[in-house]
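Each remark here refers to the structure printed beneath this line.
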Amino acid sequence: MSFFRALVGAVRAARHAPRLAEGLTPDDDVLLDAPDGRLAPALVAAALGDPEPSAKLLATTRDAGEWEDRDRYVRRLATFAYSRGEWLDRWLEAAPRDPDALLVSAQLAVGRAWESPARAERLRELDPLLRPLAEESGRDPVPWRLALDHARGAHAGHAAFEGLWERALLRSPHHYGCHVAALTYLSARWYGSDRAAFDFAEQAADDAAPGSLVRALPVRAAHEALRPPAAGRGPGAFGPPAAGPRPDTVRIDAAADRGLALSAAFGAGDPWPAEVRNLLAYVLVERGRWEEALAEFGRTGPYATSFPWAVGGHDPLRRFLATRDRARTEVARRTPLRERVGTISGRSGPRGH
């Protein structure tokens with residue numbers, strides 16, 4: 001970039017960036033992983049040592065077959081119990097065979113084992129806990145999603161993983177969490193390739209019902225393809241980045257287009273698709289689709305999510321805000337000085353960096 005172009009870009013950014021911020025939630029009002037109206041009271045009660053609201057919440061999701069909500073709540077409650085688990089201990093003491101208490105406890109145990117340097121061995125030790133939990137789960141796919149996550153970390157072979165996957169599908173053919181677990185297993189960072197991950201994600205998205213989060217699965221595959229490869233393949237391969245094939249930008253951009261179509265089906269500021277929108281904004285930024293990225297940040301409203309911004313050990317909220325600000329600056333730099341800033345809807349020229 002010439003010195004003159006750099007100066008012009010700086011002037012444009014200074015002029016337009018403040019107006020471009022008008023459609024964005026102020027930094028101080030952005031929330032990280034904000035619980036919804038059903039989960040928040042359960043977390044407050046858990047903080048006071050009372051497990052009853054959590055028990056009622058998960059029982060309701062089980063009885064009503066609200067599997068996506070149930071999966072989210074189990075993960076969040078287990079995350080809370082990681083540092084403040086007295087309420088969960090009290091729940092298990094009062095109802096040692098409660099399937100919901102056992103599910104949260106199993107999610108917590110898998111999370112702790114995952115952090116161990118001896119991850120595979122620690123996870124295999126959990127087989128006696130996880131197997132009956134899944135076998136006795138009835139229609140509930142969430143224990144099978146947990147079993148799929150467990151199998152990936154425990155170095156399960158393709159045949160064993162496929163068997164779990166087929167049994168998960170019998171419970172809920174379009175469960176988002178199970179699809180994400182399968183996609184991750186098929187990714188180049190684990191036991192597959194970018195091509196295998198995209199093939200799976202695109203087929204699943206084609207088969208999903210309108211409005212289903214599974215329709216955003218290709219965006220998840222795009223995120224995996226854009227991440228630097230780990231040193232070596234397979235579980236535990238987290239070290240200096242190793243050289244790898246260039247990502248398939250055509251499929252990545254097509255995945256982003258699918259994500260934009262899904263996002264448009266929900267209202268701006270809707271907390272339900274917040275993680276998908278955060279992920280989509282990440283992919284759009286990586287592809288240099290600045291105007292679409294800024295518009296997607298606007299649709300997220302106040303709802304920032306740890307994934308994908310925490311990947312790599314980053315402070316997720318700080319990274320969300322910094323990336324959002326970068327998108328705003330890049331759009332401003334590309335807006336002519338005499339052009340009035342209107343609705344952000346088009347693409348910002350050639351894709352890519």
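Quick caveat: nothing in here was measured; it's all calculated off a predicted structure.
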Which value, rounded to the nearest 0.5 Å, describes the distance between R122 atom CZ and W114 atom CH2?
13.0 Å
Would a 4.5 Å heavy-atom cut-off, applied to side chains only, mark L88 and Y82 as touching?
no
Audit row: E135, R167, salt bridge (charged side-chain N to carboxylate O under 4.0 Å, His left out) steps and yes/no
CA-CA 10 Å; E135 295 287 352; R167 298 176 78 177; 2.8 Å; yes
May I ask you to test the P218-R251 pair for a side-chain heavy-atom distance under 4.5 Å?
no
Going by heavy atoms in the side chains, are L58 and D98 under 4.5 Å from each other?
no
Kindly indicate whether a cation-pi arrangement holds for R220 with F307, taking the cut-offs as under 6.0 Å to the six-membered ring centre and within 45° of the axis.
yes
Quick one: does any side-chain atom of E68 pair with a main-chain N or O of Y176 as donor and acceptor, under 3.5 Å?
yes
Is there a side-chain contact between I252 and V283 in this structure, where contact means two heavy atoms from C-beta onward sitting under 4.5 Å apart?
yes
Under 30°, 30 to 60°, or over 60°: which ring-plane class applies to H158 and Y191, parallel, tilted or perpendicular?
perpendicular
R215 side chain to A209 main-chain N or O, any donor-acceptor pair under 3.5 Å?
yes
From L169 atom CG to C178 atom SG, the distance as rounded to the nearest 0.5 Å
7.5 Å
Do NZ/NE/NH1/NH2 and the carboxylate oxygens of R90 and E93 come within less than 4.0 Å?
no
Under a 3.5 Å distance rule, please check whether R152 uses its side chain to pair with a backbone N or O of L148 as donor and acceptor.
no
Taking the side chain from S105 and the backbone from A101, do they hold a donor-acceptor pair closer than 3.5 Å?
no
Going from NE2 on H175 to CG on D71, what distance comes out if it is rounded to the nearest 0.5 angstrom?
4.0 Å
To the nearest 0.5 angstrom, please state how far the CG atom of L24 sits from the CG atom of D29.
12.0 Å
Could you check if a side-chain atom of S306 sits within less than 4.5 angstrom of a side-chain atom of L32, using non-hydrogen atoms only?
yes
V104 and D100, any side-chain heavy atoms less than 4.5 Å apart:
no
Apply salt bridge (charged side-chain N to carboxylate O under 4.0 Å, His left out) to R145 and D149, showing your working.
CA-CA 6 Å; R145 188 272 305 157; D149 287 339; 3.0 Å; yes
Is D325 paired with R328 through a side-chain N to carboxylate O contact shorter than 4.0 Å?
yes
Parallel, tilted or perpendicular: rings of H179 and H174 (30°, 60°)
parallel
Any donor-acceptor N/O pair, Y185 side chain to A156 backbone, under 3.5 Å:
yes
Step-by-step salt bridge (charged side-chain N to carboxylate O under 4.0 Å, His left out) determination, D257 to R289
CA-CA 11 Å; D257 291 340; R289 294 169 61 168; 2.7 Å; yes
Could you tell me whether E292 and R287 have a side-chain N and a carboxylate O separated by less than 4.0 Å?
no
Can you list the steps and then say if W87 with D50 is a side chain to side chain contact (heavy atoms under 4.5 Å, CB included)?
CA-CA 6 Å; W87 63 276; D50 180 7; over 6 Å; no
Contact check, side chains of T300 and R324, non-hydrogen atoms, under 4.5 Å
no
Output, in order, the C-alpha distance, side-chain angles, deciding distance and verdict of side chain to side chain donor-acceptor pair (under 3.5 Å) for T61 and D69.
CA-CA 7 Å; T61 62; D69 279 335; over 6 Å; no
Assess the residue pair F200 and W165 against the criterion (ring-ring contact (aromatic ring centres under 6.0 Å, His included)); give the C-alpha distance rounded to whole Å, side-chain angles, the decisive distance to 0.1 Å, and a yes or no.
CA-CA 13 Å; F200 172 80; W165 167 246; 5.5 Å; yes
Using modelled atom types and a 3.5 Å cut-off, is there a donor and acceptor pairing between side-chain atoms of R171 and backbone atoms of G138?
yes
Within a strict 4.5 Å, meaning less than it, do heavy atoms of the R70 and L103 side chains meet?
yes
d(L183 CG, D199 CG) to nearest 0.5 Å is 11.0 Å
Closest heavy-atom pair, W309 versus P316, reported as atoms and distance to 0.1 Å, is CB-O, 3.4 Å
Is Y303 reachable from L43 through a run of I, L, V, M, F, W or Y residues, each pair having side-chain heavy atoms under 4.5 Å apart?
no
Atom pair CD/CG of E275 and D33 - distance to nearest 0.5 Å:
8.5 Å
Scanning both residues in full, the closest heavy-atom pair of L126 with A113 reads CD1-CB, 4.1 Å
